[in-house]
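For reference, the structure discussed in these notes is given below.
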2 protein chains.
Amino acid sequence: MKTADPELMRAINRLTVVDTIRRFGPIARVEICERTELSPTTVSAITAALLDDALIIPTAVGDLRDEATRGRPRVQLALNPDAAYVVGVRLTPDQITVATTNFRADVLESLTLPVRLDRQPAGVIADLVEDGVRRSVADANLPMSRIAGVCIGLPGIVERDTGICRRGPVFSEANVPLGKSLAERLAVPVTLDVDVNLAALAEHWFGRGRDLDDFLVITIEQSLGLGVIHRGEVFRVPGGLSPDLGDVVITAGDGSLKRLGSVASLSAILADLAREIGGDHAAITGRPDRSVALARDGAEAGYATVAAILARAGRTLGVSIANLIALFAPPRIILTGLGIALGKSLLDPLMQAVRENTPNGMDDVTEIVHEIRGEDMWARGAAAMMLRDLYGAPWNTTGPAMRRLTR
Amino acid sequence: MKTADPELMRAINRLTVVDTIRRFGPIARVEICERTELSPTTVSAITAALLDDALIIPTAVGDLRDEATRGRPRVQLALNPDAAYVVGVRLTPDQITVATTNFRADVLESLTLPVRLDRQPAGVIADLVEDGVRRSVADANLPMSRIAGVCIGLPGIVERDTGICRRGPVFSEANVPLGKSLAERLAVPVTLDVDVNLAALAEHWFGRGRDLDDFLVITIEQSLGLGVIHRGEVFRVPGGLSPDLGDVVITAGDGSLKRLGSVASLSAILADLAREIGGDHAAITGRPDRSVALARDGAEAGYATVAAILARAGRTLGVSIANLIALFAPPRIILTGLGIALGKSLLDPLMQAVRENTPNGMDDVTEIVHEIRGEDMWARGAAAMMLRDLYGAPWNTTGPAMRRLTR
DNA sequence: ATAATTTATTTTCGTCGCGGAATAAATAGG
DNA sequence: CCTATTTATTCCGCGACGAAAATAAATTAT
């Protein structure tokens with residue numbers, strides 16, 4: 001339980017105002033009052049401070065009410081896109097994606113380096129990330145000094161608090177202190193997080209979770225991820241460790257125990273396909289997007305072996321999703337990641353397994369949606385994660401009293 | 001995001017003070033300052049209000065510092081046990097337990113009615129609970145008017161917000177509005193909750209979770225339950241639905257899908273034993289505590305069939321617990337419930353399965369403890385659940401300003 | 001026995017943030 | 001040009017917090 005004082009009070013209200021402006025675009029002060037249930041006085045004071053700090057700007061006085069309304073026109077307020085810039089980075093075993101965004105998490109520049117990271121030592125990967133960040137920032141015509149922070153997302157077991165990647169498909173080593181290492185190289189705050197948390201935040205800010213404050217995000221990528229938004233916040237335990245869906249143990253058809261990730265992750269599916277169909281294994285693992293398209297087309301064209309592999313993965317994943325429904329009872333589950341592009345051959349068995357295994361009486365609780373997202377979505381999530389901290393951070397002025405003195 | 005005002009501020013701080021007094025027994029104001037990091041001014045004001053409302057009382061001025069300390073002695077403050085009374089109820093398929101407690105959740109009177117509830121219609125069960133509550137309150141020499149609330153815990157899928165039991169082993173019907181029905185009968189606020197949430201809160205307040213704000217509680221009873229304490233609060237999704245571990249789907253040895261509850265719950269274990277060993281099935285299901293003792297003794301005396309059944313249940317549960325570690329990464333998992341009395345024949349295979357299936361790199365994250373608890377613990381948890389609301393409720397006075405006027 | 005010292009609690013005072021009410025600003029319509 | 005209307009700001013009072021001073025209630029020293 002935290003102790004409350006006026007400062008905290010202001011911080012809370014300030015954050016709700018900033019978040020309201022972020023979510024509801026250019027918005028007038030009156031409307032902020034309605035949405036936040038704060039008094040006009042408070043909204044006026046807070047927006048004045050935000051304007052002072054140039055975190056928000058007044059936009060066109062265009063009135064969205066039915067034209068020809070009487071009275072003083074509303075001044076629409078919006079986030080100042082240039083208030084700060086951040087960089088979002090996403091690492092997968094196959095590539096590095098870097099995106100520079102403005103204060104609204106609009107992507108200004110993004111680039112993708114196709115590198116097989118799992119073959120490289122941690123030092124080399126840190127070098128590559130550093131280069132990527134500097135390059136992307138330069139492409140956006142910004143000096144590094146204007147970058148307020150960098151957020152890096154990667155799969156595996158990641159301690160956000162310490163910036164250490166305990167284990168994951170990206171690093172061959174264990175306990176890599178990537179956060180600290182990059183903060184030193186770039187001389188900028190760097191946070192580390194599980195990639196799926198970024199996906200979850202991205203869905204909450206820009207995607208299928210905008211209208212909800214509680215949902216689950218499952219990413220089907222080289223590895224399987226689970227992100228939880230609970231009461232509007234990314235769900236974390238204090239240690240900063242994050243759940244990993246791929247680590248869940250299931251019983252295989254032959255009775256042996258396996259990790260879910262070794263059956264239903266994209267890398268497992270593609271490996272199965274390569275083994276069954278033969279084909280060029282290197283080519284398949286090197287270009288997952290192409291392999292996914294091939295697999296989808298194959299299954300839909302009626303190749304039974306391919307369809308069977310996808311169906312098996314779908315069913316297995318579906319059972320685990322039903323278990324998540326039993327445990328979390330979320331109003332919505334968002335499926336995303338490259339794996340979604342495998343199409344109905346994967347998703348139909350998945351949905352059926354979910355239906356069959358959802359506990360009685362909970363059929364109407366959870367809605368399942370899916371969405372294919374590009375690389376930018378992940379990087380944008382990383383940027384959002386960084387911005388979230390920034391919005392809450394203390395800026396120049398404290399309130400109206402101080403401003404009155406300095407003017 | 002909630003909007004903050006002075007009233008909320010006070011409510012928060014007031015609650016932290018009450019909670020500090022509850023947790024750290026008779027405690028002086030100075031020490032409250034240290035623990036809560038509130039200023040002496042604030043603590044003084046809040047405790048004055050609490051004293052005014054008779055929610056707390058000064059106890060012996062005994063100084064626990066090394067005797068012969070100089071200076072003004074500390075006044076120890078404690079919860080006033082008689083500030084209010086609540087009733088906790090727990091329903092299982094076999095019995096109803098009712099406990100009347102004071103403001104400190106000390107059990108004053110408790111009684112257990114052995115009734116096979118699953119044979120009765122909802123109306124009859126509500127009658128029985130009403131009688132039990134009235135009886136227990138009368139036994140404690142209290143009029144019903146002094147009861148501030150009743151909390152009822154039961155297994156199954158329970159909507160706390162609406163007071164409806166969607167489904168569970170207690171009721172043969174679905175969607176029983178037990179909360180509303182009892183609130184009308186008793187003319188007292190009644191809340192409904194999943195029994196395991198009560199167990200979790202009880203562990204947090206009085207048991208193995210006192211020192212932590214994040215942990216999992218798994219109850220092995222007729223059904224399997226999962227309770228989550230997250231950042232000091234019972235974890236709930238907005239709908240008020242609660243997770244049910246028994247509903248998790250697993251793959252059985254023969255490849256078929258089963259609910260975990262149909263393999264590793266106490267009722268499943270006892271049914272397996274009855275089937276395998278023969279014996280008097282009715283007797284075994286009617287007195288679970290006796291059956292558990294018999295099973296434990298049998299397994300430890302070397303009866304291979306019995307040991308095998310327990311080992312299988314233990315392993316299965318262990319795998320699911322490893323999955324919970326993968327998903328929640330809690331610092332501790334507390335196993336409790338009647339099933340713990342099955343002893344090492346169940347727990348050893350369980351712990352081994354947990355060890356074998358915990359994801360790499362997370363072996364040192366979660367500590368597993370177990371504890372046998374009596375019926376009172378559950379009812380006490382129910383009382384605590386009710387008190388939690390009461391502590392936060394607004395009482396007579398608002399603050400020092402008002403008192404100054406009225407005096 | 002009385003004064004000095006020490007520690008706990010309360011009181012005084014200044015500040016901050018909130019909300020309500022009055023005021024100012026900006027526009028449309030007559 | 002004046003009035004009605006809607007939006008935004010300012011003024012004012014209140015409650016809450018914290019710092020510091022004052023007070024209270026002991027123990028120790030003289």
Side-chain angles (χ1 to χ4, degrees), chain A residues 2-17 27-34 36-52 58 61-77 394 397-405 407, chain B residues 2-17 27-34 36-52 58 61-77 394 397-405 407:
Chain A
K2 213 179 283 177
T3 116
D5 58 18
E7 202 176 329
L8 177 69
M9 207 160 103
R10 181 60 144 208
I12 291 173
N13 289 337
R14 191 186 167 97
L15 195 56
T16 67
V17 169
I27 182 178
R29 292 176 179 76
V30 237
E31 211 181 329
I32 299 177
C33 296
E34 286 162 16
T36 61
E37 300 187 4
L38 290 165
S39 72
T41 314
T42 304
V43 171
S44 199
I46 290 176
T47 52
L50 293 172
L51 283 164
D52 250 30
V61 196
D63 210 317
L64 297 184
R65 301 169 295 174
D66 289 29
E67 72 270 1
T69 334
R70 318 216 305 177
R72 177 175 176 172
R74 305 177 167 191
V75 178
Q76 308 282 101
L77 301 173
T397 56
T398 322
M402 190 167 192
R403 257 194 9 274
R404 221 176 285 136
L405 287 178
R407 271 187 182 169
Chain B
K2 212 178 282 178
T3 116
D5 58 18
E7 203 175 329
L8 177 69
M9 208 160 103
R10 181 60 142 201
I12 292 173
N13 289 338
R14 190 185 168 96
L15 195 55
T16 67
V17 169
I27 180 177
R29 292 177 180 78
V30 237
E31 210 181 329
I32 299 177
C33 296
E34 285 162 17
T36 61
E37 301 187 2
L38 291 164
S39 73
T41 314
T42 304
V43 171
S44 198
I46 290 176
T47 52
L50 294 172
L51 283 164
D52 249 30
V61 195
D63 211 318
L64 297 184
R65 298 170 295 175
D66 290 28
E67 72 271 359
T69 332
R70 323 209 310 175
R72 177 175 175 175
R74 305 176 165 193
V75 179
Q76 309 282 101
L77 302 173
T397 55
T398 323
M402 190 166 191
R403 258 192 8 275
R404 222 177 283 138
L405 287 176
R407 270 185 182 166

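To find a chain, count down the sequence lines: A is the first, B the second, and so on, and within it residues start at 1.
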Problem - Check against side-chain hydrogen bond (donor to acceptor under 3.5 Å, both in side chains), B:T42 and B:S39 - result: CA-CA 5 Å; B:T42 304; B:S39 73; 3.1 Å; yes
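- Checked by atom type and distance alone, the side chain of B:T16 pairs as donor or acceptor with a backbone atom of B:N13 at under 3.5 Å.
- A:D5 approaches B:M9 most closely through the heavy-atom pair C-SD, 3.6 Å.
- Between the CZ atom of A:R10 and the P atom of C:dC18 there is a distance of 5 Å, rounded to whole Å.
- Picking from D:dG18, C:dA8, C:dG17 the nucleotide with the shortest atom distance to the side chain of B:T42 gives D:dG18.
- Between B:D5 atom CG and D:dG13 atom C1' there is a gap of 16 Å when expressed in whole angstrom units.
- Looking only at distances, a side-chain donor or acceptor of A:T47 sits under 3.5 Å from a matching main-chain atom of A:V43.
- Spacing between atom CD1 of A:I32 and atom P of D:dT7 amounts to 13 Å, rounded to whole angstrom units.
- Atom pair A:D52:CG and D:dT9:P shows a separation of 12 Å (rounding to whole Å applied).
- For A:R72 against D:dT7, a side-chain N or O and a base N or O form a donor-acceptor pair under 3.5 Å.
- Rounded to an integer number of Å, the gap from CD of B:E31 to P of C:dT9 is 10 Å.
- The distance between atom CD1 of A:I46 and atom C1' of D:dT10, rounded to the nearest whole Å, is 16 Å.
- Nearer the 5' end of DNA chain D, as judged by each residue's closest nucleotide, is the contact made by A:L51, out of A:L51 and A:P6.
- The base of D:dA19 is paired with the side chain of B:T41 by a donor and an acceptor separated by under 3.5 Å.
- In this structure, A:T47 and B:E7 both approach DNA chain D, and ranking their closest nucleotides by distance from the 5' end singles out A:T47.
- Taking atom CG of B:L38 as the reference point, atom C1' of D:dA19 lies 15 Å away to the nearest angstrom.
- If you measure from atom CD of B:E37 to atom C1' of D:dA19, you get 17 Å, rounded to the nearest angstrom.
- In the set D:dC17, C:dG17, D:dT7, the nucleotide with an atom closest to the side chain of A:R74 is D:dT7.
- When the nucleotides C:dT27, C:dT9, D:dT5 are ranked by their closest atom to the side chain of A:R70, D:dT5 comes out on top.
- Using a 4.0 Å cut-off, some side-chain N or O of B:R29 falls inside it from OP1 or OP2 of C:dT10.
- At C:dC18, one or more side-chain N or O atoms of A:N13 fall inside 4.0 Å of OP1 or OP2 (strictly under the cut-off).
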